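To start, I am sharing the structure in question, which I have written as structure tokens.
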Number of protein chains: 2
Amino acid sequence: MTVPVQSSRRSSELDAAAAAPAAPEGAALDEIGSLARETLGERVTEELRALLISGRLAPGEKLSLRRVAEALGVSMMPVREAVNRLVADKALEVLPGRAVRVPVLTLAQFRELTRVRLVVEGFAAEEATKIATPDQIAVIASHEDAFRQAASADPPDLAGAVAANRNLHFALYEAAGMPLLVETIERLWLKAGPILNLDMRAEARRLDRGSAVLMHAALVVALRERDTAAAREALAEDIQQAADHIEGTGRLAEG
Amino acid sequence: MTVPVQSSRRSSELDAAAAAPAAPEGAALDEIGSLARETLGERVTEELRALLISGRLAPGEKLSLRRVAEALGVSMMPVREAVNRLVADKALEVLPGRAVRVPVLTLAQFRELTRVRLVVEGFAAEEATKIATPDQIAVIASHEDAFRQAASADPPDLAGAVAANRNLHFALYEAAGMPLLVETIERLWLKAGPILNLDMRAEARRLDRGSAVLMHAALVVALRERDTAAAREALAEDIQQAADHIEGTGRLAEG
DNA sequence: CCAACCTAACTGTGATCACAGATCACGACA
DNA sequence: TGTCGTGATCTGTGATCACAGTTAGGTTGG
């Protein structure tokens, strides 16, 4: 949320994609599906989701509809819509007194979240291992490479590692060919993102030790060998080790 | 959505609970968490969720913000908020042209939904079997009883069966002691409810044949014996048989 | 010097209005 | 009779305003 304040409406980066919907006339106009179908509220939602997943919004951080609206150069209305959606997903919470903030998970909640992730993401990993195409595996491997480089750079490219990690995981999940499953996982990441990635952003050490790098490498190998059990195991280790690390930092709220 | 139209705002059943928030003064006021903390938008959301899960809103049915607002006796605003939340959950969809409707699942989507349900709800059943208290098991058994009676009545109490079925399942899932998991399952039901329960409402035959009754009974037995594998199996059969039946009706959209 | 109060500036919620786009029915033209 | 145009009426979206509640800061009284 570092976008500079702008007094007039409709001015910031949100306008970038606002150009020409355009009406094709020549041939094959059955193909064009929706095209212009994206409201301001949806764009704000995406913006906030990205902020949450990448951990640029810290747990406990408070949001103001008016301030976010100002920062994004839109009116309060679309922000309100976006925040409401995220509150419905419990990715944000409104506490009595009407302040909106990023939830601070208790230890119990974080452990439950981790368990659910192990089940759901583990299943996705198995399915992906069964049916991923070589192309998809190559893409996953490229993300793995990007993550490793970002993690081992000096100094480590923390933001890059966070992004590569996200790309790697979701490329895997999408390879399972189950959109609803991916959607479910995204909602889980929305809740885990603030703690997990805030930490990854802050602490270079975890990256250096390289447990995540090892797990990712094992995952790619398992994919290539179509070893579903090994893939699930590697992913589970990745999730569990990150969770253990977070618990160790003691940044979680009391139960 | 059969509530009669009323011209003035704030009039229908939503006002029932609108009375006295009241300020307790005597003792122990730390316990009361929220209490008054419920906005109109949330109440409308709950209303629509119930309508969806119980199948009283059919797939393909179109909703109008203004009409729903009128029917519920509130302004368009809270309805808008509720619909937006449900659209974000993909429990409703806005199609190009800005009409809001209950999604019509394709066969592929329905199959994926069923697979995800088997994984997630199966996990919940296992966990519940491990740690459910005797009281919780008794409550589940009572719902099972209610379902059986509703299903075997003459004529069958279809609405009662739908409600008892829902109560039974969620009493089970809540016994797992994982709120986030329950929330995830609720979202899945939001999508499955319209087809599953519209059908259960319409067709008495499935109830009579009693496969659901058998599976529910097996589930209760497994719970009492702490047989996690059997509980998962019974639940999986219940889900799968219902899904097979739905596929047989051919009410799903083409792939 | 500390505590309590009180005010001023915020918070989200809800209502109302304006608007662009889509739909549907009716009527005119071919 | 079939087809295209056209306009009234619907749709959701976004902005603006009013409001009740909370919070924080500063001031006043002890």
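Here the structure is a predicted model, which is why all the values come from computation and not from measurement.
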Do any N or O atoms from the side chain of B:Glu127 and from the backbone of B:Ala124 form a donor-acceptor pair under 3.5 angstrom?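 Side chain of B:Glu127 to backbone of B:Ala124: no pair is present.
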
Please confirm whether any donor atom in the side chain of A:Arg80 sits under 3.5 Å from an acceptor in the base of C:dG12, or the reverse.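 No, the side chain and the base share no sub-3.5 Å donor-acceptor pair.
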
Could you check whether B:Arg80 pairs with A:Glu81 (Lys NZ or Arg NE/NH1/NH2 to Asp/Glu carboxylate O, under 4.0 Å)?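 Looking at B:Arg80 and A:Glu81, the cut-off is not met.
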
C:dA22 P sits how many Å from B:Lys62 NZ, rounded?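 That distance rounds to 14 Å.
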
Using a strict cut-off of less than 4.0 Å between a Lys/Arg side-chain nitrogen and an Asp/Glu carboxylate oxygen, indicate whether A:Arg101 and A:Glu93 qualify as a salt bridge.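 Between A:Glu93 and A:Arg101 there is a salt bridge, with a charged N closer than 4.0 Å to a carboxylate O.
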
Let me check the geometry of the helix from C:dC1-D:dG30 to C:dA30-D:dT1. What is the bend angle between the axes at its two ends, five pairs each, to 10°?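 It works out to 10° between the end axes.
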
Selected nucleotide, minimal atom distance to B:Ser64 side chain, candidates C:dT11, C:dA15, D:dG12: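 Nearest nucleotide to the side chain: D:dG12.
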
For A:Leu65 and C:dC10, give me the distance from atom CG to atom P, rounded to whole Å.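 Spelled out: CG on A:Leu65 to P on C:dC10 is 15 Å.
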
Would you call the rings of A:Tyr173 and A:His169 parallel, tilted or perpendicular if under 30° counts as parallel and over 60° as perpendicular?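 It falls in the tilted class, 30° to 60°.
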
Separation of atom CD in A:Glu81 from atom P in D:dG12, rounded to whole Å: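 Spelled out: CD on A:Glu81 to P on D:dG12 is 13 Å.
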
Heavy atoms from C-beta onward define the side chain here; which of D:dG12, D:dG14, C:dT13 lies closest to that of A:Pro78?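 The closest nucleotide is D:dG14.
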
B:Glu70 with B:Arg66: basic N within carboxylate O range, under 4.0 Å: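 Salt bridge flag = no for B:Arg66 with B:Glu70.
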
When you get a sec, tell me which of D:dA18, D:dT13, C:dG14 is the closest nucleotide to the side chain of A:Arg66?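 Closest nucleotide among those given: D:dA18.
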
In terms of side-chain geometry, is the basic nitrogen of B:Arg187 or B:Glu183 positioned less than 4.0 Å from the acidic oxygen of its partner?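 Salt bridge present between B:Arg187 and B:Glu183.
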
Of the options D:dG12, C:dA15, C:dT11, whose atoms approach the side-chain atoms of B:Ser75 most closely?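 The nucleotide sitting nearest to the side chain is C:dA15.
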
Figure out the CE/P separation between A:Met77 and C:dC17, and round it to whole Å.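 About 15 Å, once rounded to whole Å.
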
So that I can tick it off, tell me whether B:Glu46 and B:Arg49 are bridged by a salt bridge, with the cut-off set at under 4.0 angstrom between side-chain N and carboxylate O.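 Salt bridge: yes.
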
From the options C:dT13, D:dG14, C:dG12, select the nucleotide whose nearest atom is closest to the side chain of A:Val100.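 Out of C:dT13, D:dG14, C:dG12, the nucleotide with an atom closest to A:Val100's side chain is C:dG12.
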
Measure CZ/B:Arg85 against C1'/C:dT13 and give the value in whole Å, please.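 Value for this atom pair: 12 Å.
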
I need the CD-P distance between B:Glu93 and D:dG12, as an integer number of Å.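 It is 14 Å, rounded to the nearest whole Å.
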
Just the rounded figure in Å: distance from P of D:dT23 to CZ of A:Arg101.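 Between P of D:dT23 and CZ of A:Arg101: 12 Å.
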
Length of the line joining B:Met76:CE and C:dT13:P, which is rounded to integer Å: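 Nearest whole value for this atom pair: 17 Å.
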
